[in-house]
Amino acid sequence: MPSRALIEDFLVQPHLAFVGVSRDPKDMSATVFAALQMHGHTVYPVNPNAKEISGQPCYASLADVPDPVEGVVVMVPPAAAADVVRAAVARGIPRVWLHRGTGTGSVTDEAVQVCHDNRVDVVDGACPMMFLEPVGLVHRMHRSLSKRRFVS
């Protein structure tokens, strides 16, 4: 269960990698990616199947992303999440946000455990758009319904 302090610490980091962002601008991952950029973050897209996303170079892996990277948003299928976290650990990235919109998202017990074992701060669930002010109506309702999950 992520704390609000952990969420806020993640969201003040200026340089983030985003693993799993889609080339499709209608995909939720592209929406989250754009929202982070609009809130002033430098966001490096990571997708081995794309050369560029939103007009900027896309990287095949976390290892290819230029420094600095203070956090990584993970928006991949559950089966791939732990490997992405291991790549973040290998890269020395101190913060991981395992995205969850509906269903399990990228949150798996294994991915969370890899974070804990390696002293990586982890936001294990939720969507950054629930906390990027001003929060839109849908995400504000989602945050309100999920309020009991986020401790102070």
Side-chain angles (χ1 to χ4, degrees), residues 1-23 27-50 52-136 139 142-143 146 149-152:
M1 181 173 351
S3 70
R4 283 300 291 263
L6 191 62
I7 290 166
E8 290 168 10
D9 178 62
F10 188 98
L11 291 176
V12 298
Q13 303 308 313
H15 302 96
L16 304 172
F18 195 121
V19 180
V21 62
S22 175
R23 294 172 287 193
D27 189 86
M28 185 62 184
S29 64
T31 302
V32 175
F33 179 82
L36 288 165
Q37 288 181 310
M38 288 187 325
H39 280 81
H41 299 277
T42 299
V43 188
Y44 301 104
V46 179
N47 180 332
N49 301 311
E52 73 172 39
I53 291 182
S54 297
Q56 71 182 82
C58 190
Y59 301 91
S61 72
L62 276 175
D64 299 327
V65 176
D67 286 330
V69 179
E70 292 112 357
V72 59
V73 176
V74 180
M75 208 163 170
V76 298
D83 286 338
V84 173
V85 173
R86 286 185 191 93
V89 168
R91 173 72 195 266
I93 299 172
R95 295 167 194 84
V96 170
W97 188 306
L98 297 170
H99 183 274
R100 176 184 290 156
T102 59
T104 61
S106 295
V107 180
T108 67
D109 291 342
E110 182 182 11
V112 171
Q113 192 61 51
V114 171
C115 287
H116 291 312
D117 290 349
N118 290 281
R119 294 186 174 91
V120 170
D121 290 340
V122 59
V123 177
D124 54 341
C127 175
M129 291 180 65
M130 293 168 59
F131 302 95
L132 293 170
E133 298 292 343
V135 178
H139 284 93
H142 189 195
R143 182 176 69 185
S146 301
R149 292 188 52 238
F150 308 107
V151 295
S152 298

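Everything numeric in this text was worked out from a predicted model, so none of it was measured. Excluded from the calculations below are hydrogen atoms, water molecules and symmetry mates; all remaining heavy atoms, backbone and side chain alike, are included.
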Determine whether more than 12 heavy atoms belonging to other residues, nucleotides or ligands lie under 6.0 Å from atom CG of Asp109.
no

[X] and [Y]: which non-hydrogen atoms are nearest, and at how many Å?
| X | Y | result |
| --- | --- | --- |
| Pro2 | Asp124 | CD-OD1, 3.2 Å |
| Gly125 | Arg100 | CA-CB, 3.7 Å |
| Phe33 | Phe18 | N-CE1, 3.7 Å |
| Ser22 | Ser29 | N-OG, 2.9 Å |
| Val43 | Gln56 | O-NE2, 2.8 Å |
| Pro45 | Val21 | CB-CG1, 3.5 Å |

For Leu98 and Val84: C-alpha separation, side-chain torsions, deciding distance, then whether side-chain contact (heavy atoms from CB on, under 4.5 Å) applies.
CA-CA 10 Å; Leu98 297 170; Val84 173; over 6 Å; no

[atom1]-[atom2] distance between [X] and [Y], expressed to the nearest 0.5 angstrom:
| X | Y | atom1 | atom2 | result |
| --- | --- | --- | --- | --- |
| Trp97 | Cys115 | CH2 | SG | 13.5 Å |
| Leu16 | Leu36 | CG | CG | 6.0 Å |
| Leu132 | His41 | CG | NE2 | 6.0 Å |

Going by the side chain to side chain contact (heavy atoms under 4.5 Å, CB included) test, name the single residue among Val96, Leu11, Ile7, Asp9 that passes it with Val123.
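Passing option: Ile7.
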
Any side-chain heavy-atom pair of His39 and Pro128 under 4.5 Å
no

Output side-chain donor-acceptor pairs under 3.5 Å for residues 65-81, partner residues at least two apart or in another chain, one line each.
residue : atom : partner : partner atom : Å
Asp67   : OD1  : Arg91   : NH2          : 2.5
Glu70   : OE1  : His15   : N            : 2.7
Glu70   : OE1  : His15   : ND1          : 3.3
Glu70   : OE2  : His15   : ND1          : 3.4

With sequence neighbours excluded, what pairs up with Tyr44 under the ring-ring contact (aromatic ring centres under 6.0 Å, His included) test?
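Counting only residues at least two positions away or on another chain, Tyr44 forms no ring-ring contact (aromatic ring centres under 6.0 Å, His included).
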
Suppose the criterion is side-chain hydrogen bond (donor to acceptor under 3.5 Å, both in side chains): which pairs have a residue in residues 72-83, not counting sequence neighbours?
Asp83-Arg86

Stepwise side-chain contact (heavy atoms from CB on, under 4.5 Å) test for Asn49 and Arg23:
CA-CA 9 Å; Asn49 301 311; Arg23 294 172 287 193; 4.2 Å; yes

